Amino acid sequence: MKKILLFVLFTFVGVGVYSQNSANLNLVPAPAKIKVNPGQFTFDSATQLVLTDDSPEMQDAVAVFNRLLRRAANFSLQITHSPVATNAIICKLNSAIPNPEGYKLSVQKNLITLEGKTPQGIFYGMQTLRQLLPYQIERTYISNIAWTIPCVEIEDEPRFVHRGLMLDVSRHFMPKEFVYKFIDMLAYHKMNTFHWHLTEDQGWRIEITKYPKLTQIGAFRHKTLVGKYAAVGHRQWDNTTYGGFYTQKDIKDVIAYAKKKFITIIPEIEMPGHAIAAMAAYPELSCSGGPFEVEGLWGVFNDIFCPKEKTFEFLQDVLSEVADLFPSQYIHIGGDEAPKLRWKNCAHCQALIKKEGLKDEHELQSYFIKRIEKFVESKGKRIIGWDEILEGGLAPNATVMSWRGEEGGIAAAKQHHDVIMSPNTYAYLDYYQADPKTEPLAIGNYIPLWKTYSYNPVPAVLTPEESKHILGMQGNIWTEYLLTPSNVEYMAFPRGAAIAETGWSPQSKKNYNDFKTRIIAQFKRYDCFDWNYCKAILTEE
Ligand code: ACM
Ligand code: ZN
């Protein structure tokens, strides 16, 4: 009944009334501004797609939409470059649109106009068009569907420049085909960043041509903890070799795939901690000299890279190959969870502290990261580090990824450093999202959908000037307890959609009940994607 009333209101009043969920459109993320008008546009086999710009990026921007139509409706839009006045989508670049990722979409009965400052904006407008079509657009061919969308006027742009998810492929390896699927899901929700966590104690996952043992040895472990983390003496092991890695060809394929979906991939190479897989291959990079085995247990380990010249040479060689492979302006260098015990007891580390006039091992870590930053900058790139890189002093241009709550992000923004918020209080998607008694085994804690959704990445304590350093929000998916792609899917969405909306939609437009209605409607599409999402909100109070 309420819906009918709303419909009447929109039909006869027509203008100026805003509801995120106007006429049940169920768009996720919610657009910044939307007005629903009477009438609808119908796609048919004669509908044309007018591209005023014929660049490869513009072709990419419209490709997904046309592919979906071809599959579901058995026709695709004919692309033309000459003006058409009716039964067409006109896609054009418009430099007057303020945000490089923004778009304007006008759907009238006979004509759709989609404008973006860049092809990326056009791509996001196309994702909106896709969501405006019946959900069967996500399926294989189906007859008797009218491919109609309501007449709307949308002006839309993201709130933040960084909107993304991190996937840990080191604790459990995720095949390239799943990485494609994951990237598709990011793009569908208008996210623009995939943070690829490629190295860990439990596995090194990226081929480095200069150091073949990294993947020959470091990509495989010979036992893995089974089930819940337990104390020494109570642990169960599978005693099975487990592993995998991406060749440089795989990495290039994934980067090329992501580019077509306007997704930037930020690679992460962990240092100085979480490096046991690398040191299993090259034990001379450690303080003790090893030997080491690729870890089969989860947690934080005392053996970390020793800051000797050989280690810097190794890391610079690795980072050179990584910088050559990835077009991203950023390389994530980790920096988290590096216990200082080995450095305290290492003659080389202590001599280096003295020589450099450092106060302690925290300043030694800062020295380490600053050297790496200098090198990364010599490659024309910048570093991101987890918030521990604040300890002992931040490297001059580092961007901080705040994970231990927001405090690190706040401190960094106050020092005029850029910040990405991914606090483990809201954005750790490996945490339980429903009652642990009925959920698959997870690492612990509890972050239900509403909690993730409730997050505002700009802390109230920051001044407007400091707030400009908050680049956005990211969800992190650590895979200690996520053995398969299907397990990852279950934890990633719908909470990933809450992160997408937090990153995209204006804070003033966020409303959990409204989001919940829209996301439940989106589940029909997730089914078409064959995505194993969590359905806990269907039964929550
Ligand atoms: C982290 O969760 N150790 C960044
Ligand atoms: Zn050392």
Side-chain angles (χ1 to χ4, degrees), residues 20 22-23 25-70 72-73 75-134 137-138 147-158 163 187-192 260-263 500 504-505 525:
Q20 285 175 71
S22 314
L25 300 186
N26 298 314
L27 298 171
V28 176
K33 283 189 200 154
I34 177 168
K35 196 181 96 188
V36 180
N37 291 324
Q40 59 195 26
F41 178 97
T42 303
F43 290 89
D44 59 37
S45 56
T47 307
Q48 291 190 292
L49 177 57
V50 183
L51 293 185
T52 58
D53 172 297
D54 200 21
S55 63
E57 290 75 23
M58 200 69 161
Q59 300 274 356
D60 290 341
V62 300
V64 174
F65 189 78
N66 231 1
R67 234 182 354 256
L68 292 174
L69 264 183
R70 199 174 304 124
F75 65 80
S76 55
L77 309 177
Q78 305 161 50
I79 297 185
T80 167
H81 305 294
S82 44
V84 179
T86 187
N87 196 14
I89 311 182
I90 299 171
C91 287
K92 59 182 174 200
L93 298 181
N94 176 353
S95 59
I97 290 176
N99 189 306
E101 296 184 284
Y103 68 93
K104 264 169 76 172
L105 176 66
S106 166
V107 179
Q108 297 171 326
K109 285 179 197 156
N110 299 316
L111 194 67
I112 298 175
T113 309
L114 173 56
E115 297 174 281
K117 189 183 192 111
T118 67
Q120 190 172 0
I122 298 285
F123 179 78
Y124 294 136
M126 281 287 175
Q127 299 311 308
T128 298
L129 270 182
R130 170 183 180 181
Q131 292 195 7
L132 289 171
L133 278 166
I137 188 65
E138 309 294 348
W147 299 106
T148 61
I149 58 174
C151 291
V152 286
E153 299 291 328
I154 293 177
E155 274 185 49
D156 203 8
E157 63 176 32
R163 310 176 302 280
Y188 177 76
H189 293 88
K190 300 189 176 80
M191 288 189 270
N192 62 4
K260 287 179 179 296
K261 307 285 168 82
F262 298 88
I263 301 269
W504 182 279
S505 308
R525 293 172 192 253

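Just so you know, these numbers use all the heavy atoms, side chains as well, and skip hydrogens, waters and symmetry mates. These figures come from a predicted structure and were not determined experimentally.
Using a 4.5 Å cut-off on side-chain heavy atoms (C-beta onward), P119 and L93 make contact. Between C91 and L49 the shortest side-chain heavy-atom distance falls below 4.5 Å. Taking 4.5 Å as the limit, some side-chain heavy atom of L69 sits within range of a side-chain heavy atom of F75.
Looking at I90, T47, L132, L105 one by one, the single match for side chain to side chain contact (heavy atoms under 4.5 Å, CB included) with I112 turns out to be L105.
N87 and Q48 form no side-chain donor-acceptor contact under 3.5 Å, judged by distance and modelled atom types alone.
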Let's go through V64 and Y188 carefully: what are the C-alpha distance in whole Å and the side-chain angles of both, what is the deciding distance for side-chain contact (heavy atoms from CB on, under 4.5 Å) to 0.1 Å, and is it a yes or a no?
CA-CA 10 Å; V64 174; Y188 177 76; over 6 Å; no

May I have the step-by-step check of side-chain contact (heavy atoms from CB on, under 4.5 Å) for L77 and F43, ending in yes or no?
CA-CA 9 Å; L77 309 177; F43 290 89; 3.9 Å; yes

Checklist line | side-chain contact (heavy atoms from CB on, under 4.5 Å) evaluation trace for I137 with F65 | finding: CA-CA 9 Å; I137 188 65; F65 189 78; 5.7 Å; no

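The OG1 atom of T113 sits 8.5 Å away from the CD atom of E153 when rounded to the nearest 0.5 Å. Here CD1 of I149 is found 9.5 Å from CD of Q40. Values are rounded to the nearest 0.5 Å. With rounding to the nearest 0.5 Å, the separation of CD1 in I154 from NZ in K33 is 12.5 Å. K190 NZ to M126 CE: the interatomic distance, rounded to the nearest 0.5 Å, is 12.0 Å. Interatomic distance, CG of L68 versus CG of L133, reported as 9.0 Å (0.5 Å rounding). Atoms CD1 and NZ, on I122 and K92 in that order, are 10.0 Å from each other to the nearest 0.5 Å.
The two residues K260 and F123 make their nearest non-hydrogen contact at O-CE1, 4.2 Å. For the pair Y103 and G121, the tightest heavy-atom approach, listed with the atom from each and the gap, is CB-O, 3.3 Å. Scanning all heavy atoms of the two residues, the minimum distance from P31 to L27 falls at CG-CD1, 3.7 Å. Nearest heavy-atom pair, S45 versus Q78, reported as atom, atom and distance to 0.1 Å: O-NE2, 3.5 Å. Minimum heavy-atom separation, E101 to P158: OE1-CG, 3.5 Å. Smallest separation of non-hydrogen atoms from L25 and P150: CD2-CG, 3.4 Å.
E157 and K117 are not joined by a salt bridge, as no carboxylate oxygen comes within less than 4.0 angstrom of a charged side-chain nitrogen. A salt bridge links E138 with R130: the distance from a Lys NZ or Arg NE/NH1/NH2 to an Asp or Glu carboxylate oxygen falls below 4.0 Å.
Ring planes of W504 and Y124: perpendicular class, angle over 60° (limits at 30 and 60°).
Judged by distance alone, the side chain of T118 and the main-chain N or O of P100 form a donor-acceptor pair under 3.5 Å. No donor-acceptor pair closer than 3.5 Å links the side chain of S76 to the backbone N or O of N66. Side chain of N192 to backbone of R163: a donor-acceptor contact under 3.5 angstrom is found.
Partners of K261 according to the salt bridge (charged side-chain N to carboxylate O under 4.0 Å, His left out) rule, which considers only residues two or more places apart in sequence or in another chain, are D184.
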